[in-house]
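Remarks on the structure that follows.
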2 protein chains.
Amino acid sequence: MEVSVNDPKCPSRLVLEHVTSRWGVLVLAALLERSYRFSELRRTIGGVSEKMLAQTLQTLERDGFVHREARPVIPPRVDYSLTALGEEAARKVWELARWTERRVPAVEAARAAYDARRAPLG
Amino acid sequence: MEVSVNDPKCPSRLVLEHVTSRWGVLVLAALLERSYRFSELRRTIGGVSEKMLAQTLQTLERDGFVHREARPVIPPRVDYSLTALGEEAARKVWELARWTERRVPAVEAARAAYDARRAPLG
DNA sequence: CGGTATCCAACACGATACTG
DNA sequence: CAGTATCGTGTTGGATACCG
């Protein structure tokens, strides 16, 4: 099967990098559950800085995955949610995240075996 | 739904970062089709350097996703293939890659709309 | 061929300070 | 609250050279 993503020039690779980016994955997964405000999202996703969250949200908004709704109130209130397109992406990403969590024990066992094969001959 | 991946300390986040890494995604997708030799894989995945391919393969091997088989022949021959665990991961990643390719037109339309909303008021 | 080692540039990222 | 701007650093990642 040919896959155009193997071409470094192909735009699909960039899109894929956006949705699989470190914070993109977590933002999509979070928004799958419900919409979030900026700070709320920041608290939900452990370890993300303001800068990276803003940047990630902008990228995902521009790509049409995330809808940004700014309400003209004081104090400012901005809600982020998934578009239909974003929800499709988020479901796939979410599946991957769930699968990963379930398989962590298998991965850790594999790592132990790998390390055991190498370390002993130090 | 709670998802442990939102904890920055949780090991699942690291595993997820390995499989969704820039080159990890493409390596898994390529190996889903068949096994590859090192240089062959390098040629297949456009733009990857030797260093990054080696590093990515080592990480995926240690996590138990990729099987490395070095044959003691001259010239050296090493084949990379997916383990059962790796194949599960690769299928999910592959679905995401395929979905992305199909949706590129929608993403580009969204970008054009986003940019149009902003640029005019420069 | 299939790597590893080294060096260096780019940028991803976080901390902080500031603005509407 | 929801960002933007600036700065500094550490990691990512490519180029090159070399080894088994």
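In what follows, every chain begins at residue 1, and chains take the letters A, B, ... in the order their sequences are listed.
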query = For A:Glu50 and A:Gly47, take the nucleotide of DNA chain C holding the closest heavy atom to each; which residue's nucleotide lies nearer the 5' end?
reply = A:Gly47

task = With the side chain counted from C-beta on, respond yes when A:Val48 and A:Leu41 share a heavy-atom pair under 4.5 Å apart, and no when they do not.
result = no

Sub-4.5 Å side-chain heavy-atom contact between B:Val15 and A:Arg103 = no

task = Enumerate the residues from residues 64-81 of chain A whose closest heavy atom to DNA chain C is under 4.0 Å, giving them by residue number; use none for an empty result.
result = A:Pro76

query = Run the side chain to side chain contact (heavy atoms under 4.5 Å, CB included) check on B:Asp115 and A:Arg62 step by step: do they pass?
reply = CA-CA 8 Å; B:Asp115 293 346; A:Arg62 191 170 103 99; 2.5 Å; yes

Under a 4.0 Å threshold between the charged nitrogen and the carboxylate oxygen, would [Y] count as salt-bridged to [X]?
{"X": "B:Glu88", "Y": "B:Lys92", "value": "no"}
{"X": "B:Arg13", "Y": "B:Asp7", "value": "no"}
{"X": "B:Arg91", "Y": "B:Glu95", "value": "no"}

Roughly, in whole Å, what's the span from [atom1] in [X] to [atom2] in [N]?
{"X": "A:Arg22", "N": "D:dG13", "atom1": "CZ", "atom2": "C1'", "answer": "16 Å"}
{"X": "A:Leu53", "N": "D:dA5", "atom1": "CG", "atom2": "C1'", "answer": "17 Å"}
{"X": "A:Phe38", "N": "D:dC1", "atom1": "CZ", "atom2": "P", "answer": "12 Å"}
{"X": "A:Arg43", "N": "D:dC1", "atom1": "CZ", "atom2": "C1'", "answer": "10 Å"}

task = Tell me whether the guanidinium CZ or amine NZ of A:Arg34 lies under 6.0 angstrom from the six-membered ring centre of A:Tyr36 and within 45° of its axis.
result = yes

message = Judged by each residue's nearest nucleotide on DNA chain D, which is more toward the 5′ side, A:Lys51 or A:Leu57?
response = A:Leu57

request  = Could you list where the contact with chain B starts and ends along DNA chain C, reading 5' to 3', using a 4.0 Å heavy-atom cut-off?
outcome  = C:dC1 to C:dC7

query = Side chain of B:Thr83, backbone of B:Gly64: donor and acceptor closer than 3.5 Å?
reply = yes

task = Check every strand shown and say whether A:Glu40 touches a base, only sugar-phosphate, or nothing at a heavy-atom separation below 4.0 Å.
result = nothing

